[in-house]
Amino acid sequence: MKIAVCIKQVPDTSVRVKIAPDGKSIDAAGVEHVINPYDEYALEEAVRLKEQVAGSEITLVSLVPDKAQQIVLKALAIGADKAVHIKADNVPNDSLAVAKVLAEELKLGSYDMIFFGKKAVDYDNHQVGAIVAEILNLPCITGCTHYEYSGGKITAYREIEGGVEVYEVVPPVVFTQEKGPHEVRYPQLRELMAARKKPIATKQPNFSAPIMQTVELSYPPPRPAGKIVGKGVEAVPELVRLLREEAKVI
Amino acid sequence: MNSVLVFVEQRQGRIKQSSLEALSEGRRLAKKIGSTVSALVIGNQIDSLVNEISKFGPDFVILVQHNALANYSPDGYRDAFLEVVKQEQPKVILVAGTAMGKDIAPRIAAKIDAGLATDCLAIEITDDAIIATRPVFAGKVLQKLKITSSTKIATLKPNTFRTEEVSTKAPSIKKITPQIDPSKWRAVLRGIQEPEAKKQDVSEASVIVSGGRGMKGPEGYKILEDLATALGGTVGASRAAVDAGWRPHAEQVGQTGKIVSPNLYVACGISGAVQHQVGMANSKVIVAINKDPEAPIFKFADYGIVGDLFEVIPALTREVKKLYGKE
């Protein structure tokens, strides 16, 4: 099976982000980047499928800056076989323009399965995977937690409010990945070394004219300082009074 | 040609509250540009939903019905939705930011080359653009995103926009039998698994009682369930609790879980890492119960109690029951 996994980098989720002086972008200075967590979950699922279906191969497709090669190498170490690095220092904040570039590349590979994270935790747009599927006219199931493969069919599990939708689909297909039951494997030094020998093709993107643009970034208003109502069980009646009379939420 | 189209989501004949929020916002936007608002409902045997939808003042209700559309189908709903979009040529399409809404909106955007803003908190409209305010970096930053395609699409964050019942003239009803061919659908829904005890989802709940590492194990959540029941809410969890296998991922609040916006969020035994904080910062009121007075959660909680949660929570449950019992 030919599998593609699309990955991108995002700022480390444990740090605060700083708005750049232009007021429209994020200050990249000193920011550590990591693989988007949902892309990593997707890669783990792809590696599991590869282990199950003999002769499978995983190609990473990554639209990231030149200097983000570390991200690609780490993903190769987790279990991909080769990569296409589409180099762009300024990726427009326009999902349609991004999806068109990725679709163009993915079309060339005739993949049986294409995985995306359900969203990237930078701009939280939550749309590129589904748009790529529509451009390529492929079936797409979004927000899947995990999969079962048998007899050429894939069963995909998708979380909805208060339940799980179970879908059956025959490849070729696009999946977007929710956090699921499987922990992402941690690459060992040996695998990190081996990743350096895996092929990485590089390309340049051609973006279409954007129809979306950021006009302003700002920080949300800080929450007003809260108060400690008290200590232990004795504080409970006062808390209930405050929730009732001051906050009016119960 | 200049209208606002709102997708009103129903499952099993029940309309999503967040869709009614979207419909109310759609009506407000239509008013600003002197246009009309249409409510689009897709399903099967859903005529009876017109009454409820009419209360929120749409000019038109468009019912698209087919027996193959009784349940959600990504292919089927997309085709039915697109058929209406092509007829109506709306200027703006609003969709509630639910699992279904987030699935269908990008498909429509792709098919008509429209810009799409996800999880909007506010929308400004002008003659040729919309400017959507939306959380990015999990809410650490707010983005104003301008969309200039001829049709603009937005998904709206649940529990954010005000619903508004209005008494206007009854809407006109359009009924459509869509030109769809289920034999061509590729992703086939085989079923919907529901937990034995039906539970409100954290993304839709107005009260969430959430537990973290301080619950010490899965058994600890019994007292949170009791409190959630007393408050008419639901139980949530931190990433630590989910990764430990104490609670399912569906309940996780935070950067790799759900970004929630309840009226009341009670954080129990949660220290308050940035990744959790961003998931619950949109709550109207936050209460923290933690034995460590230095826990970061107290810096952004509105009300805090320092103490042993295994004593404080049962006492809180009793007090809430006492309060509601009086009424």
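Here is the naming used below: chain letters follow the sequence lines, and residue numbers restart at 1 for every chain.
- Annotation for B:I305 and A:L239: closest pair CD1-CD2, 3.7 Å, computed over non-hydrogen atoms.
- For B:K284, the part lying near chain A is the backbone, with the side chain staying farther off; criterion is any non-hydrogen pair under 4.5 Å.
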### Message
Under the criterion side-chain contact (heavy atoms from CB on, under 4.5 Å), I'd like the reasoning laid out for A:D124 against B:R134: C-alpha separation, chi angles, the key distance, then a yes or no.
### Response
CA-CA 9 Å; A:D124 292 318; B:R134 50 183 302 272; 4.2 Å; yes
### Task
Would you sort out whether A:Q213 and B:L145 count as a side-chain contact (heavy atoms from CB on, under 4.5 Å), showing the intermediate values?
CA-CA 6 Å; A:Q213 53 179 330; B:L145 179 68; 5.7 Å; no
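- Residues B:R78 and A:E134 are paired through a salt bridge, judged by an N-O separation under 4.0 Å between the basic side chain and the carboxylate.
- The contact between B:A281 and chain A is made entirely by backbone atoms, counting heavy-atom distances below 4.5 Å.
- The environment of B:K111 atom NZ is dense: over 12 non-hydrogen atoms of other residues, nucleotides or ligands sit within 6.0 angstrom.
- The part of B:P135 that comes within reach of chain A is its backbone (N, CA, C, O), which places non-hydrogen atoms under 4.5 angstrom from that chain.
- In this structure, no portion of B:Q200 lies under 4.5 Å from any heavy atom of chain A.
- Interface remark: A:K100 contributes side-chain atoms only to the contact with chain B (heavy atom separation under 4.5 Å).
- Using a 4.5 Å cut-off between heavy atoms, A:N137 contacts chain B through both its backbone and its side chain.
- Of the two parts of A:I228, the backbone and the side chain both hold a non-hydrogen atom closer than 4.5 Å to a non-hydrogen atom of chain B.
- Within the 4.5 angstrom heavy-atom criterion, no atom of B:D308 approaches chain A.
- The two residues A:G162 and B:P195 have their closest heavy-atom pair at O-CD, 3.5 Å.
- For A:I154, no part sits under 4.5 Å from any heavy atom of chain B, backbone or side chain.
- For B:K140 against A:V15, the heavy-atom pair with the smallest separation is NZ-O, 2.9 Å.
- For A:P220, the parts lying under 4.5 angstrom from a heavy atom of chain B are both the backbone and the side chain.
- The structure places NZ of A:K227 at 9.5 Å from CG of B:D302, a figure rounded to the nearest 0.5 Å.
- Atom-to-atom distance recorded for A:D122:CG and B:Q143:CD is 10.0 Å, nearest 0.5 angstrom.
- With a 4.5 Å cut-off on non-hydrogen atoms, B:R11 touches chain A through its side chain but not through its backbone.
- Both the backbone and the side chain of B:E311 come within contact range of chain A, judged by heavy atoms closer than 4.5 Å.
- Separating the NZ atom in A:K231 from the NZ atom in B:K291 is a distance of 14.5 Å, to the nearest 0.5 Å.
- Checked against B:L231 for a side-chain contact (heavy atoms from CB on, under 4.5 Å), the options A:L243, A:I250, A:V249 give a single hit: A:I250.
- Neither the backbone nor the side chain of A:V128 comes within less than 4.5 Å of any heavy atom of chain B.
- In terms of modelled atom types and a separation under 3.5 Å, the side chain of A:R244 and the main chain of B:L323 share no donor-acceptor contact.
- In this structure, no portion of B:A273 lies under 4.5 Å from any heavy atom of chain A.
- Rounded to the nearest 0.5 Å, atoms CZ (B:F137) and CD1 (A:I19) are 9.5 Å apart.
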### Task
Carefully, step by step, assess A:T214 and B:K144 under the rule side-chain contact (heavy atoms from CB on, under 4.5 Å).
CA-CA 6 Å; A:T214 301; B:K144 282 197 173 183; over 6 Å; no
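- With a threshold of 4.5 angstrom between heavy atoms, A:V121 approaches chain B through its backbone and through its side chain.
- For the residue pair A:E246 and B:Y303, a side-chain donor N or O sits within less than 3.5 Å of a side-chain acceptor on the partner.
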### Query
Can you check side-chain contact (heavy atoms from CB on, under 4.5 Å) on A:K179 and B:D243, steps first, answer last?
CA-CA 11 Å; A:K179 183 181 178 186; B:D243 286 354; 2.9 Å; yes
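- A side-chain donor from one of B:T118 and A:Q127 sits under 3.5 Å from a side-chain acceptor of the other.
- Of the atoms belonging to A:E183, not a single heavy atom falls under 4.5 Å from chain B.
- In this structure, A:P37 and B:T256 approach most closely via the heavy-atom pair CB-CG2, 3.8 Å.
- Heavy atoms of B:I286 lying under 4.5 Å from chain A belong to its backbone as well as its side chain.
- The line from CZ of B:R239 to OG1 of A:T13 is 7.0 Å long, rounded to the nearest 0.5 Å.
- Residue A:P11 touches chain B through its side chain alone, counting heavy-atom pairs closer than 4.5 Å.
- Distance check: A:Y167 OH to B:Y72 OH gives 6.0 Å after rounding to the nearest 0.5 Å.
- Screening A:T176, A:T142, A:I160 for a side-chain contact (heavy atoms from CB on, under 4.5 Å) involving B:D103 leaves a single residue, A:T142.
- A donor-acceptor pair is defined here as one N or O able to donate and one able to accept, closer than 3.5 Å; such a pair exists between the side chain of A:E161 and the backbone of B:A99.
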